[in-house]
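Structure, as structure tokens:
Note on naming: letters A, B, ... go to the chains in the order of the sequence lines (proteins, then strands), and numbering restarts at 1 for each one.
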Amino acid sequence: MVNQVSPDRDPSAPAIVSLSDEDLMARVAEDDERAFAELVRRFQGRVINLVSRVLNDRECSDDLAQEVFVRVFVHRRNYRRGSKFSTWLFTIAANLAKNEIRRRVRRRNWFSLDALQELLKDSAIQLADPTESRESVLEREQLQAAVGLAIATVPEKYRLALVLRDIEGLPYEEIALVLNIPGGTVRSRINRARSMLKRKLQPLLRKAGAP
Amino acid sequence: MNCTQARRLFGACWDDETTQVERELLESHFASCARCRSAYDEFSRALELAASLPRVEPAPDLVERMLARVRRLSPAPDRVPGIRLGWVPVSVAAAALVIAGILVAQWVGLKPAPPSGPPQWAKQPVTEPKLVGGPAEKPAVPRAPGPRPGAGSEVAGIPDSLFDHSEDIEFILDPVTLRGGRVERPPLKQPGIQGEQAVITF
């Protein structure tokens with residue numbers, strides 16, 4: 001059962017927001033709902049971004065992120081104290097994303113270009129500059145869609161390593177723990193993935209006359 | 001440094017993991033090799049694009065939805081007063097205590113006197129339940145085995161039951177056969193047994 005009113009019963013206890021991720025997780029293991037909410041708040045963006053970039057599907061990423069946090073809660077007592085919380089969280093997220101990719105590949109419509117374009121229309125495009133012209137907005141959206149598509153078509157095992165490294169910015173050592181592979185394998189996968197991405201984007205980069 | 005060696009360093013260079021010497025060698029190679037320079041530019045531009053993809057923002061109510069889901073995973077608190085499952089073990093323990101008390105009281109009641117003499121129950125001869133027909137005419141019906149003849153002196157002092165069977169009447173249930181839905185009772189009145197036959201149905 002979740003303690004809905006806690007953990008600040010003790011006035012001398014540190015505020016939830018000042019606790020480390022690991023301390024929060026230790027509290028979650030003791031059914032502290034506020035600690036769990038704080039962890040969700042801290043990591044929801046990163047988890048959604050990770051699964052969204054791996055799957056290239058904004059709609060599904062919300063559901064999958066929810067599933068990631070539900071698993072965190074369900075397996076809260078399996079979390080080993082002393083290990084880094086974000087590594088454990090990203091391991092769960094990466095495994096769920098892999099399962100989802102495989103499920104979609106089995107359905108055989110995942111890589112159809114039409115479906116991808118449809119999905120890309122919904123991807124969260126942030127209109128950062130309101131003064132930007134309509135043409136340049138479209139151009140930027142097209143570029144982002146193309147990059148999203150290029151990442152989505154990198155084979156799964158390379159894609160996960162690529163997203164964890166070049167989008168989420170995880171260090172190689174942590175990626176090795178998340179994917180449960182040796183550090184050397186992580187490096188070679190990321191190198192392969194980067195080369196693939198560059199090849200896929202090459203026509204676009206040349207057309208755009210990128211420096 | 002040749003082109004293959006230079007291209008192997010692209011990743012390390014992007015991650016800023018090259019040594020000073022490697023970086024200088026790479027720079028000098030780029031100065032003399034336009035193809036590698038261009039390839040590295042494309043490489044870094046592709047990774048810049050990937051890294052600069054807009055962050056996907058979570059739905060504003062995600063935390064609330066998460067908490068609602070997690071609460072559904074937990075058992076709801078019992079809000080019905082007086083029917084708390086927490087009382088069940090207490091009731092069971094109380095019942096067990098009462099039963100144990102009764103058993104102890106019975107045991108204490110039959111406890112032998114101090115070992116100054118033979119126990120009270122040992123003075124009284126233990127008689128087996130008697131058949132009306134007398135011991136000479138044993139019924140064919142199997143009975144519970146009594147103390148073995150050889151066990152005599154050792155077992156004689158120990159009662160085989162807490163109850164006195166001296167005045168018991170032994171009931172013998174006749175075997176009944178069902179044939180075609182009709183009850184057939186073979187005439188099984190044992191020789192030496194007096195009384196009426198009775199059929200007990202369940």
Side-chain angles (χ1 to χ4, degrees), chain A residues 1-2 4 31 33 36-38 40-41 44-53 58 61-62 65-67 69-70 72-74 123-128 140 143-144 146-148 150-151 162-163 165-167 169 171-172 187 190-191 194-195 197-202 204-206 208 210-211, chain B residues 3-19 22 26 30 34-80 84-86:
Chain A
M1 186 179 298
V2 176
Q4 293 189 28
D31 300 335
E33 185 186 291
F36 180 66
E38 177 61 21
V40 175
R41 249 176 241 116
Q44 57 179 348
R46 292 186 75 185
V47 170
I48 285 188
N49 203 52
L50 170 70
V51 294
S52 174
R53 289 301 164 212
R58 176 69 184 85
S61 60
D62 254 11
Q66 273 198 51
E67 196 54 44
F69 287 111
V70 165
V72 166
F73 187 80
V74 168
S123 61
I125 306 294
Q126 293 175 339
L127 299 175
R140 187 165 52 80
L143 188 65
Q144 288 170 345
V147 175
I151 293 171
L162 178 78
V163 172
R165 175 68 197 161
D166 288 328
I167 294 181
Y172 284 101
R187 284 177 186 275
I190 289 173
N191 281 338
R194 285 170 171 176
S195 299
L197 183 67
K198 188 195 118 187
R199 239 188 344 265
K200 284 170 193 292
L201 291 177
Q202 217 157 28
L204 189 77
L205 296 170
R206 283 179 182 162
Chain B
C3 292
T4 311
Q5 288 168 329
R7 285 173 193 230
R8 271 200 206 121
L9 283 177
F10 280 7
C13 189
W14 174 256
D15 290 326
D16 206 13
E17 287 183 342
T18 46
T19 62
E22 284 171 333
L26 200 58
F30 285 159
R35 283 186 63 195
C36 283
R37 170 85 252 177
S38 166
Y40 183 74
D41 285 345
E42 284 178 3
F43 176 85
S44 51
R45 175 86 177 120
L47 295 184
E48 269 169 21
L49 281 173
S52 65
L53 281 175
R55 301 289 298 180
V56 180
E57 293 301 320
D61 60 340
L62 183 76
V63 176
E64 285 312 311
R65 278 191 284 142
M66 272 307 316
L67 292 179
R69 264 189 85 174
V70 160
R71 282 176 196 139
R72 281 201 299 274
L73 292 174
S74 312
D78 185 8
R79 296 182 194 281
V80 184
R84 294 189 58 146
L85 285 177

Separation of [Y] [atom2] from [X] [atom1] (nearest 0.5 Å):
| X | Y | atom1 | atom2 | answer |
| --- | --- | --- | --- | --- |
| A/Ser195 | B/Phe43 | OG | CZ | 6.5 Å |
| A/Gln66 | B/Leu62 | CD | CG | 5.5 Å |
| A/Arg194 | B/Phe10 | CZ | CZ | 12.5 Å |
| A/Leu201 | B/Leu49 | CG | CG | 6.5 Å |
| B/Arg45 | A/Gln202 | CZ | CD | 13.5 Å |

Under the criterion side chain to side chain contact (heavy atoms under 4.5 Å, CB included), I'd like the reasoning laid out for B/Glu57 against A/Ile48: C-alpha separation, chi angles, the key distance, then a yes or no.
CA-CA 7 Å; B/Glu57 293 301 320; A/Ile48 285 188; over 6 Å; no

Any carboxylate oxygen within less than 4.0 angstrom of a Lys/Arg side-chain nitrogen, looking at B/Arg69 and A/Glu67?
yes

Is the closest basic N to carboxylate O distance between B/Glu42 and A/Arg199 below 4.0 Å?
no

[Y] and [X], any side-chain heavy atoms less than 4.5 Å apart:
| X | Y | result |
| --- | --- | --- |
| A/Glu33 | B/Arg71 | yes |
| A/Arg187 | B/Glu17 | yes |
| B/Met66 | A/Phe73 | no |
| B/Asp15 | A/Ile190 | no |
| B/Leu47 | A/Lys198 | no |

Portion of [X] that has a non-hydrogen atom of chain B nearer than 4.5 angstrom:
| X | answer |
| --- | --- |
| A/Val47 | neither |
| A/Ile151 | side chain |
| A/Asn191 | side chain |

Chain A contact via B/Ala12 - side chain, backbone, both or neither, heavy atoms under 4.5 Å:
neither

Segment of B/Glu48 engaging chain A (4.5 angstrom heavy-atom cut-off):
neither

Has B/Arg65 got more than 12 heavy atoms of other residues, nucleotides or ligands less than 6.0 Å from its CZ?
yes

What are the two closest heavy atoms between A/Ile167 and B/Arg55, and how far apart are they?
O-NH1, 3.6 Å

Restricting to non-hydrogen atoms, name the atom on A/Gln144 and the atom on B/Pro54 that form the minimum distance, rounded to 0.1 Å.
NE2-CD, 3.4 Å

Per-residue tally against chain B (heavy atom, under 4.5 Å) across A/Val40, A/Leu197, A/Val70 peaks at A/Val70

Would you find a donor on one side and an acceptor on the other, under 3.5 Å apart, between the side chain of A/Asn49 and the backbone of B/Val56?
yes

Sorted by chain and number, sequence neighbours left out, side-chain contact (heavy atoms from CB on, under 4.5 Å) with B/Glu64 holds for B/Leu67

Note: vs chain A, highest number of non-hydrogen pairs under 4.5 angstrom among B/Ala50, B/Ala51, B/Gly11 is B/Ala50

